[in-house]
Colleague: 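Mind looking over this structure? Questions follow.
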Amino acid sequence: MDSFWNLIKVGGSLLFVLGIMALTAYAAQRFLGSKLGRWRSQPLIQVLATTYLGPKKEIAVIEVGKEYLVVGITPTQISLLARLEEPPLPSAPIETNAGPRT
């Protein structure tokens with residue numbers, strides 16, 4: 001009977017510690033979530049654009065920190081083609097006056 005009460009005490013203590021950990025995690029997510037989310041939302045390396053050039057050949061613009069790199073990608077190699085001094089401009093939609101083809 002004594003070992004049963006010891007088991008209940010250990011189980012209760014374990015539940016108490018797990019409850020404190022859950023409350024701490026909830027509070028951290030609730031009050032620091034936006035600050036932690038901002039840190040996670042901007043990864044250090046981002047692929048800004050990729051264009052297909054041919055079979056298994058692509059060119060990509062990659063942002064690494066505050067640098068912008070243009071790289072060529074093949075199945076066996078990734079080559080640095082250029083470093084951009086300024087961020088690339090977002091492409092504007094091209095307006096055409098072409099009507100529907102008949």
Side-chain angles (χ1 to χ4, degrees):
M1 189 70 176
D2 194 34
S3 63
F4 176 74
W5 288 111
N6 285 339
L7 183 63
I8 294 295
K9 284 182 184 178
V10 169
S13 298
L14 180 63
L15 286 177
F16 180 74
V17 170
L18 289 176
I20 288 175
M21 290 174 65
L23 284 175
T24 303
Y26 175 76
Q29 184 179 9
R30 171 106 178 155
F31 298 112
L32 300 175
S34 61
K35 293 177 184 174
L36 294 174
R38 192 177 322 139
W39 177 69
R40 274 189 269 146
S41 67
Q42 294 181 342
L44 182 61
I45 300 172
Q46 284 186 307
V47 177
L48 300 178
T50 303
T51 300
Y52 171 78
L53 296 177
K56 298 183 179 180
K57 296 177 184 174
E58 296 178 343
I59 189 169
V61 177
I62 300 173
E63 179 183 9
V64 180
K66 293 185 178 182
E67 289 191 39
Y68 298 92
L69 308 174
V70 180
V71 295
I73 303 168
T74 65
T76 58
Q77 185 174 346
I78 298 174
S79 301
L80 176 64
L81 301 177
R83 291 178 189 264
L84 302 177
E85 297 294 326
E86 297 179 7
L89 297 175
S91 60
I94 299 172
E95 294 182 19
T96 60
N97 292 330
R101 295 182 182 187
T102 55

Colleague: Sequence neighbours excluded, which residues qualify as side-chain contact (heavy atoms from CB on, under 4.5 Å) partners of L80?
Modeller: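 Testing L80 for side-chain contact (heavy atoms from CB on, under 4.5 Å), a comparison that skips the adjacent residues, returns L69, V71, R83.
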Colleague: Any chain of hydrophobic side-chain contacts (each under 4.5 Å) joining L44 to Y68?
Modeller: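 Result: no, two separate clusters.
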Colleague: With clusters defined by side-chain heavy atoms of hydrophobic residues (ILVMFWY) lying less than 4.5 Å apart, directly or transitively, does V10 cluster with F4?
Modeller: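 They do not share one cluster, since no chain of ILVMFWY contacts under 4.5 Å joins F4 to V10.
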Colleague: Sequence neighbours left out, cut at 3.5 Å: what donor-acceptor pairs do the side chains of residues 47-61 make with other protein atoms?
Modeller:
| residue | atom | partner | partner atom | Å |
| --- | --- | --- | --- | --- |
| Y52 | OH | G54 | O | 3.4 |

Colleague: Among residues at least two apart in sequence or on other chains, which ones pass side-chain contact (heavy atoms from CB on, under 4.5 Å) with L7?
Modeller: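 Result, side-chain contact (heavy atoms from CB on, under 4.5 Å) vs L7: none returned.
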Colleague: Under 4.5 Å between side-chain heavy atoms, hopping through other hydrophobics if needed: is there a path connecting I62 to L84?
Modeller: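 No: no chain of side-chain contacts under 4.5 Å links I62 to L84.
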